[in-house]
Amino acid sequence: MPELPEVETVARGVNERVRGDRIAEVWFSSHTQPFKTPPAGQAEGLEGRIILAVRRVGKHIVCDLGGRDVAGEEQPEAQWIVHLGMTGRLLVTTPDGDVAPHTHARLRLTSGREIRFVDPRRFGRLEYRELAVAKEFFGPGVEPTTVDPDVFAGLFKGRKLAIKAALLNQTILHGVGNIYADESLFRAGIRPKRMAGRLKKAELLKLRVALQDVLQHAIQLGGSSVSDYVDANGVKGFFQLEHRVYMRTGQPCLVCGTPIQRIVLAGRGTHFCSVCQQ
DNA sequence: CATTTCACCTGGTGGC
DNA sequence: TGCCACCAGGTGAAAT
């Protein structure tokens, strides 16, 4: 599942290859699902614009777009916002490459490259914003990689839900999904079902460090390739080899040897060590 | 308002 | 071998 480290990897890869390029022609599939803005409007808005930058905001990929007549170094006039959902891929390809099944967007660039959005399950989202009429996209919650310790601890004050559910709530903290929620809670030694508002400040501070460490390490390894995640160049990540609890049900805890347990929490498979996490 | 549940999707898996 | 019910999970709407 693309979470913060995977989305960061994709955004960096796309940025490196298309920054400064210009969108020449756009094609969209006829499905309704991945489109938050109607495809016709997106195509009209995108064509002719220069790509100023591609970056990550939470789990979203934001393409900052400039005008049609000027050549870079200007303020963004529009944004193309991509969410990968469960199975989305954002790829930079040559125009003659085979078009994968479930391709929903093709952006032909003046350099000859193409940006393609492929998403079998169609949980992804494509949105276009004209900044003259819509506000800039900032993401729904607090950015976990840079959040201040006191701000992080304050996010959970008075919350009457499980800490794992709180970590997954994008309006509290954005970018964390099922893998990194489980992995950070293991590394912090906290049970996923502990009530968020009842955690001691020391535990929350430890959780912040664990979360930032695991996210940073995962970004360094190009993310976790479970199911079918690949980066902008179609290359898999390696952080799945570093998972200590996620999808390790029944296998021995790497610290104490106790079999890893799996429960369902907040509707999600949740993995933890009943000895190391209290 | 805060929190929980469920629908949206398709490919892969496991049971018979 | 073939078929099919079932599950995975990010998000947002609906329910509680």
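To find a chain, count down the sequence lines: A is the first, B the second, and so on, and within it residues start at 1.
Remark: C1' of B/dT4 and NZ of A/Lys164 are 16 Å apart, rounded to the nearest angstrom. Taking atom CZ of residue A/Arg89 and atom C1' of nucleotide B/dC9, one finds them 17 Å apart after rounding to whole Å. Regarding A/Met247, its CE atom lies at a distance of 8 Å from the C1' atom of C/dA8, rounded to whole Å. Taking atom CE on A/Met86 and atom C1' on B/dG11, their separation rounds to 11 Å, with Å as the unit. Taking atom NE2 of A/His83 as the reference point, atom C1' of C/dG9 lies 11 Å away to the nearest angstrom. Atom pair A/Asn169:CG and B/dT4:P shows a separation of 10 Å (rounding to whole Å applied). Note: CZ (A/Arg125) to C1' (B/dA7) measures 11 Å, nearest angstrom. For the pair A/Ile163 CD1 and B/dA2 P, the interatomic distance rounds to 17 Å; values are reported in whole Å.
Listed pair A/Tyr180 / C/dG10 fails the phosphate criterion, with no side-chain N or O lying under 4.0 Å from OP1 or OP2. Contact check, A/Gln170 against C/dT11: a side-chain N or O comes under 4.0 Å of OP1 or OP2. Between A/His102 and B/dT10 there is no side-chain N or O to OP1 or OP2 distance below 4.0 Å. Checking the phosphate oxygens (OP1, OP2) of C/dT11, a side-chain nitrogen or oxygen of A/Lys59 falls inside 4.0 Å.
For the pair A/Arg49 and A/Glu77, the salt-bridge criterion is met [side-chain N within less than 4.0 Å of a carboxylate O]. Residues A/Asp64 and A/Arg55 are paired through a salt bridge, judged by an N-O separation under 4.0 Å between the basic side chain and the carboxylate.
Cluster membership for A/Val82 and A/Val230, using ILVMFWY side-chain heavy atoms within less than 4.5 angstrom, is not shared.
Between A/Phe28 and A/His104, the distance separating the two ring centers is not shorter than 6.0 angstrom.
Between B/dG11, C/dG10, B/dC9, one nucleotide has an atom nearer to the side chain of A/Arg122 than all others, and that is B/dC9. Closest to the A/Leu161 side chain, of the nucleotides C/dG10, B/dT4, B/dC9, is B/dT4.
As judged by a 4.0 angstrom heavy-atom cut-off over every strand, A/Gly269 is placed among residues touching the sugar-phosphate backbone only. If you check every strand for non-hydrogen atoms under 4.0 Å, A/Arg159 touches sugar and phosphate atoms only.
Each of A/Thr32 and A/Ala266 was matched to the nucleotide of DNA chain B holding its nearest heavy atom; the match closer to the 5' end belongs to A/Ala266.
Between the base of B/dG11 and the side chain of A/Arg121 there is no donor-acceptor pair shorter than 3.5 Å. Between the side chain of A/Arg268 and the base of C/dT11, at least one donor-acceptor pair of N or O atoms lies under 3.5 Å.
Residue A/Phe123 and nucleotide B/dC8 are classified as a stacked aromatic pair, their ring centres being separated by less than 5.5 Å at an interplanar angle below 30°.
The main-chain N or O of A/Val62 is never found under 3.5 Å from a side-chain atom of A/Arg56 such that the two would form a donor-acceptor pair.
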